[in-house]
Structures are given as structure tokens and as C-alpha cells.
Amino acid sequence: MNPGDRVRVRTMNPPTHNRAPRYVRGRRGVVVRRVGDGRFPDEAAYAGHGARREEIVTVAFEGTELWGADAHPGDRVHVDLFVSYLEPT
């Protein structure tokens with residue numbers, strides 16, 4: 001994924017650990033930068049050092065996308081997410 005790509009965070013509720021904050025699941029945003037890669041924590045808890053590495057990107061969410069009309073104008077939240085949590089829109 002590249003800066004400028006529009007994405008949606010997958011709605012997921014696995015029985016195990018994941019690092020996608022619940023308040024962004026199912027929400028749309030825009031990739032603003034590529035962070036790099038990291039050991040995928042969903043697997044690292046079980047696979048240890050054998051867990052795969054995965055790309056991480058920063059996604060910007062408009063406040064209205066997260067909180068609707070209660071958001072202040074111009075609010076924006078940036079969240080670092082693994083790309084497997086995202087789908088293109």
C-alpha cells in the first residue's frame with residue numbers, strides 16, 4: 001500500500017490477540033506513509049521468533065468518520081496498522 005491509497009479497516013473480532021484498535025475497525029481512511037515492517041504480533045504471541053514480518057502503514061482517519069457529527073471540524077487521527085488489517089476501497 002502506498003500514500004494516497006484509500007482503505008477500510010477490516011471488521012474482525014478474532015478470539016485471539018490483534019493490534020487493530022476497535023474504534024477504527026470498519027472505518028475508512030487514507031494511507032499517509034509507509035512505516036516499514038514488523039513482526040506480526042497476531043502470530044508472534046504463538047509462533048515466537050518464527051512469526052512472519054508484515055508491512056505497517058500509517059492511516060489517517062477524519063474525525064467525522066470515527067465520531068460522526070460529534071467530531072470537531074478538522075479532527076484527524078493517525079493510526080499505524082498492519083496491511084493485513086486493511087482492504088482497498
Side-chain angles (χ1 to χ4, degrees):
M1 299 202 160
N2 296 301
D5 288 351
R6 296 189 177 284
V7 295
R8 179 186 316 268
V9 181
R10 295 180 189 279
T11 302
M12 56 192 158
N13 294 298
T16 58
H17 176 79
N18 78 61
R19 295 274 176 130
R22 195 168 297 277
Y23 69 94
V24 299
R25 295 179 196 175
R27 306 297 186 181
R28 293 170 300 181
V30 176
V31 174
V32 293
R33 74 182 179 112
R34 297 172 78 175
V35 175
D37 70 343
R39 195 164 309 282
F40 190 58
D42 300 32
E43 293 175 358
Y46 304 101
H49 295 292
R52 66 185 162 88
R53 298 187 69 78
E54 186 172 306
E55 183 180 11
I56 302 165
V57 296
T58 301
V59 179
F61 299 90
E62 296 298 328
T64 52
E65 177 69 16
L66 301 176
W67 301 292
D70 290 336
H72 290 264
D75 277 357
R76 183 178 243 196
V77 176
H78 290 201
V79 180
D80 290 345
L81 295 162
F82 287 91
V83 296
S84 65
Y85 295 159
L86 305 172
E87 57 191 18
T89 60

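This is a predicted model, so every value here is computed, not measured.
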Which value, rounded to the nearest 0.5 Å, describes the distance between Arg53 atom CZ and Phe82 atom CZ?
-> 9.0 Å
CZ/Arg6: more than 12 non-hydrogen atoms of other groups inside 6.0 Å | no
Would a hydrophobic clustering, with Ile, Leu, Val, Met, Phe, Trp and Tyr connected at side-chain separations under 4.5 Å, put Tyr23 with Met12?
-> yes
pair Val7-Val59: side-chain heavy atoms closer than 4.5 Å | yes
Asp80: side chain to side chain donor-acceptor pair (under 3.5 Å) partners, not counting sequence neighbours = Thr58
Taking atom types as modelled, find out whether Arg25 and Asn18 have a side-chain donor-acceptor pair closer than 3.5 angstrom.
-> yes
Hydrophobic cluster identity match, Val30 and Trp67, side-chain contacts under 4.5 Å | no
Rounded distance [0.5 Å steps], CZ in Arg33 versus CD1 in Ile56 | 10.0 Å
Do you know which two heavy atoms are closest between Arg10 and Ser84, and how far apart they sit?
-> NE-O, 3.0 Å
Heavy-atom side-chain contact between Asn2 and Val31 under 4.5 Å = no
From Glu87 atom CD to Thr11 atom OG1, the distance as rounded to the nearest 0.5 Å = 7.5 Å
Drop me the distance from Arg28's CZ to Leu86's CG, to the nearest 0.5 angstrom.
-> 14.0 Å
If we only count heavy atoms from C-beta on, is the Glu65 to Val24 side-chain gap below 4.5 Å?
-> no
Nearest-0.5 Å distance, CD of residue Glu55 to CZ of residue Arg34 = 4.0 Å
Over all heavy atoms of both residues, which pair between Ala20 and Leu81 is shortest? Give the atoms and the distance, please.
-> CA-CD2, 4.1 Å
Hphob cluster co-occupancy, Met1 + Val35, side-chain heavy atoms under 4.5 angstrom | yes
